[in-house]
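Only a predicted model underlies this, so the values are computations on that prediction, with no experimental measurement involved. Letters A, B, ... are given to chains in the order of the sequence lines, protein chains preceding strands, and every chain is numbered from 1.
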Amino acid sequence: MSTSPKPLPLEGIRVLDFGQFVAIPFCTLWLGQLGAEIISIESSSRLTARGAPPFEEGQEGNRNASGYFNSLYATKKSLTLDLATQEGKRIVHELVAVCDVVVENFATGVIEKLGFGYDVLARINPGIVMISNGAFGRTGPMKDGRGLHSTVNLFSGVADVTGYVDSGPRIMGSVLPDPLSGIYAAFAILAALEHRTHTGLGQYVDVAMYEAMLTLIPEAVIDLTMNGVEPRRVGNRDRQKAPHGIYPAAGEDRWLALSIADDQSWQAFCNVVGRTDLASDARFANAPARLKNVEALDAEVASCTSAHDLYEMVVQLQTAGVMAGPVLRSDELLDNPQLDARGMVVSIDHPVANRHRHLGLPWTMDSLGTRSTRAPLLGEHSREIIIGLLGRTEAEYEQMERDRILTWLPLRAGTPPGPPAAFRNRRGLHGLSIHHHGTGRARHRNGDVE
Amino acid sequence: MTIASEHNSRPETHAAQLGRGALGALSVVEFGEGTAAAYTAKLLADFGADVVKVERPQGDPTRRRGPFPDGKPDPDASGLFMYLNANKRGVVLDVEAGEGAEALDRLLKSVDIFVTDVAPNVLRAAGCDPEALRRRHPRLIVATLSPFGRGGPWSDWRGDELIAYAASGMAYGTPGIPDAAEDLDGEPPLHPSCFASETIAGASAAVAVMTAVTGRRHTGEGCHLDLSFQAASAAVQIRDLMPASYGSAVYNRLLNPTSIGRMPNFYLSCQDGYVTIAAPMDIHWNRLAEAMGNPEWARSADFATEPARARNWIELRERLATWAMGCTRAQLQSIGERYGLMMFPFHSIRQMAESDHARDRASLVDFSVGNRPAQMPGAPFKMAATPWSLRRPAPRFSPEDDAGIAPIGEVA
């Protein structure tokens, strides 16, 4: 756990966070590490992350010990609040008056039904910046569609350029649509705040996860719309470089990434792997020849690399000026010497979950600092926020507790802790939560203010 | 002609600046050769910043990449270049020569932000080491992007999109959940045919830059931001890292159910394409069984409960694959909608581009590549008060300009 002595760049920015799953929590994790104050609203119905694995052995189901929650909610504050009550809604409205940013990624229409639509919030605080994030965005015929990351991969067209040679489309790893749209949400927030410093006015921003993914494939989109050319899946090959691919190294499931654009690098590669015969092979003499004979080239390269230890080969290739690197598994990242040397691997102490390592922000700053403080315990900051920030009295606070407005309501008995949020059927969850609170959708009119 | 004075000789009103967008008051010099830095500057330019792109006399290599109209190479008609560099002004400078380096420094004197991904030795020759720039221009925000970043044992390694993607863990994780490699040897870790890692790095650097703009209000001073493609692509794997951090199951390329949660959550072939089917809890499974016409096996002890389905997931996958092969994409999507199930079909880029939804949201926007009409991805988010707009096409390339300096603002 650490807070550097340098000034935190986003100190003084306060964010009201209705985020769930990965996209918005990832966005506010970055903002929190940069010094923004993140007030995470938690209620049993929206509480998807605290029940999600991994847990340390013996702590399964402990809502303060979820590795999923503690990774995504580091640096944030926890306010438990029953959003179905009038008093709960009033607290949100009071918070909006003293916040700079509101973020949410409910299904389309839910935030309005709760009484927190942008029109309502902007009347309370014209400077408020509000971000909505969803698979398909807040407008358009599919706006009510729910989507897991796989849905977004499949709709965006990214799967169309992902796949082995002339075979079916495949899905990119790492639930990318969530964090990528979270990065864009963070950028949009900072851009809207920059605009606010000049105008005093906030605004509404609509982030669609599939549109975030579209930014990965401009070449394919342009080739299609300009030339009518449909993408052809080519595995790891490139249209300008060869060899360009991921080739086996010695040992089980170990792989080398290799990218060679010029003849000098090709000669150097052949020398490192001890295949001077390939260096003088006319089929591979120059880049156009290597591209033309790429099938034979890939087979030869794979036969060379599979005989060598991965890291020894990478170091020798890099020393010879060849672009090469190891294919790392996600579990190897926390021990990666390069990420560690750049200060990206952070250890965070937690009173319940103990000490765990996480990856911090992917950039360094010379004059500004970051922080990597732990995730909050459930409701840890409720009192501080209600009394300290909103100026409610101790007596009012206790009344709210008695009325169970600030009380996290446990899930129904027998309901097991959920799977990682990315696997949940969001429709099912939302249906369950609204029913659970007895707040029929019809009771919330769009733009309803007390 | 001095660029800096020209820059200053056209003072804009505040209203004019903000008329360009949310970032209208910011000015940027970008020296990018590829996707990453150009994309950072694109995000800034698209939302209103005044961006000048610096190119060396040989031009940004992206001009040679295409896609070109009918595939005919033309440095002024590369689709990727036109996409990445729209809304920017351009200048060609021989930055490794004295005059070019001086011109670049005059440009930097008057701007807020410098973004670059060119090699450190080129920056050094141009007198643009980040440390030197910070000394000369204390308020300047300097963002450097590279495959592995500055500092650390791998900082001198050569890399590109593929190498960084591989070293970030993303390649190993692709094909990703709920898909999986079917054969450890025959299906190596996979890279999508696009600049994924560089784009993620460019977008992350745009957040970093805006962070420093905000921070400068506290400190009154600039900042050197250093970002690596590897780190940016590693950061977005937060969900995959959790099991490693908590010492539980490690992600397995062959779809190990202990590491991926509840079943079924599969990616399968159907009659005319591919579809994802997720029914992770009993409530969904019961609905799916109903949707399938209640086959006997779906209610059998082998599949009726969550633990049973997790235990028998290989058999389950085969049974579901057989069922899905009897259905079309449209049938499956409609079944999903009818039964409240997460079932979604693969869309080709053409199908996405031609969908009512993408058209209604203007997810793709019209532009020209050379003289050819085309479409490119629009902004990744929609700002209600300060919308994205295409104000000018990407700068043309003018290597014949004898001063080595093309007039800024040459392109209307």
**Study point:** Under 4.5 Å from any heavy atom of chain A - which part of B:Leu18
**Key:** side chain
Point to revise | Region of A:Ser156 that comes under 4.5 Å of a non-hydrogen atom in chain B | key: backbone
Point to revise | Top contributor to chain A interface from B:Gly222, B:Pro188, B:Pro69, B:Ala25 [non-hydrogen pairs under 4.5 Å] | key: B:Pro188
Exercise for review: Examine whether an atom of A:Met172 lies under 4.5 Å from a heavy atom of chain B, and if so say whether it belongs to the side chain, the backbone or both; otherwise answer neither.
Suggested key: both
Review point. Side-chain contact, heavy-atom cut-off 4.5 Å: A:Val221 with B:Ile349?
Key: yes
Exercise for review: Compare all side-chain heavy atoms of A:Thr215 with those of B:Tyr39 and state whether any distance is below 4.5 angstrom.
Suggested key: yes
Review point. Is chain A contacted by the side chain of B:Arg216, its backbone, both, or neither, given a heavy-atom distance below 4.5 Å?
Key: neither
Practice item. Compute the ring centroids of A:His195 and B:Phe47, then answer whether they are less than 6.0 Å apart. Key: no
Revision key, fill the gap. Whatever's closer than 4.5 Å to a heavy atom in chain A on B:Asp185 counts as backbone
Check your understanding: With only heavy atoms counted, which part of A:Val314 is less than 4.5 Å from chain B, the side chain, the backbone, both or neither?
Key -> side chain
Check your understanding: For A:Glu56, is it the side chain, the backbone, both, or neither that has a heavy atom closer than 4.5 Å to a heavy atom of chain B?
Key -> both
Exercise for review: Go through the side-chain N and O atoms of A:Thr139 and B:Arg361 and say whether any donor and acceptor fall under 3.5 Å apart.
Suggested key: yes
Exercise for review: Measure the shortest side-chain to side-chain distance between B:Thr174 and A:Arg170 over non-hydrogen atoms and say whether it is less than 4.5 angstrom.
Suggested key: no
Review point. Are any side-chain N or O atoms of A:Gln338 and backbone N or O atoms of B:Gly151, one a donor and one an acceptor, separated by less than 3.5 Å?
Key: yes
Review point. For B:Pro130, is it the side chain, the backbone, both, or neither that has a heavy atom closer than 4.5 Å to a heavy atom of chain A?
Key: neither
Practice item. State which residues pass side-chain hydrogen bond (donor to acceptor under 3.5 Å, both in side chains) with A:Trp255; sequence neighbours excluded, sorted by chain then number. Key: A:Asp253
Check your understanding: Around B:Asp360, counting heavy atoms of other residues, nucleotides and ligands shown, do more than 12 lie under 6.0 Å from its CG?
Key -> yes
Practice item. Tell me, for B:Ile283 versus chain A, whether the close heavy atoms (under 4.5 Å) come from the side chain, the backbone, both or neither. Key: neither
Review point. With a 3.5 Å cut-off and no angle check, do the side chains of A:Asp160 and B:Ser348 form a donor-acceptor pair?
Key: no
**Study point:** Check: B:Ile177 and A:Ile171 side chains under 4.5 Å, non-hydrogen atoms
**Key:** no
Review point. Any side-chain heavy-atom pair from A:Pro53 and B:Met242 closer than 4.5 angstrom?
Key: no
Point to revise | CE-OH distance between B:Met383 and A:Tyr204, expressed to the nearest 0.5 angstrom | key: 13.0 Å
**Study point:** Contact origin within B:Phe148 toward chain A - heavy atom pairs under 4.5 Å
**Key:** both
**Study point:** Donor-acceptor contact below 3.5 Å, side chain A:Asn236 vs main chain B:Pro189
**Key:** yes
Point to revise | A:Glu219 vs B:Tyr83 side-chain heavy atoms within contact, under 4.5 Å | key: no
Practice item. Taking side-chain hydrogen bond (donor to acceptor under 3.5 Å, both in side chains) as the test, write out the residues that go with B:Arg359, two or more places apart. Key: none
Review point. Can B:Asp226 and A:Arg342 be counted as an ion pair, charged N to O under 4.0 angstrom?
Key: yes
Check your understanding: For chain B, which of A:Val234, A:Leu180, A:Asn70, A:Asp238 has the most heavy-atom pairs under 4.5 Å?
Key -> A:Asp238
Practice item. Side chain from CB out, backbone as N, CA, C, O: work out which of these in B:Leu43 comes under 4.5 Å of a heavy atom of chain A, or both, or neither. Key: both
Review point. Do the non-hydrogen side-chain atoms of A:Phe187 and B:Leu44 ever get within less than 4.5 Å of each other?
Key: yes
Exercise for review: With a 4.5 angstrom heavy-atom cut-off, could you sort out which part of A:Leu176 is near chain B: side chain, backbone, both or neither?
Suggested key: side chain
**Study point:** Under 4.5 Å from any heavy atom of chain B - which part of A:Pro218
**Key:** both
Study note, to complete from the structure: So, the part of B:Ala143 with a heavy atom under 4.5 Å from chain A: the answer is neither
Practice item. Please look at A:Arg138 and chain B and tell me whether the side chain, the backbone, both or neither of the residue comes under 4.5 angstrom of a heavy atom of that chain. Key: backbone
Exercise for review: Can you tell which part of B:Val213 gets under 4.5 Å to a heavy atom of chain A, answering side chain, backbone, both or neither?
Suggested key: side chain
Exercise for review: Report yes if some heavy atom in the side chain of A:Arg329 is under 4.5 Å from a heavy atom in the side chain of B:Asp240; otherwise report no.
Suggested key: no
Exercise for review: Answer with side chain, backbone, both or neither: which region of B:Gln17 has an atom nearer than 4.5 Å to a non-hydrogen atom of chain A?
Suggested key: neither
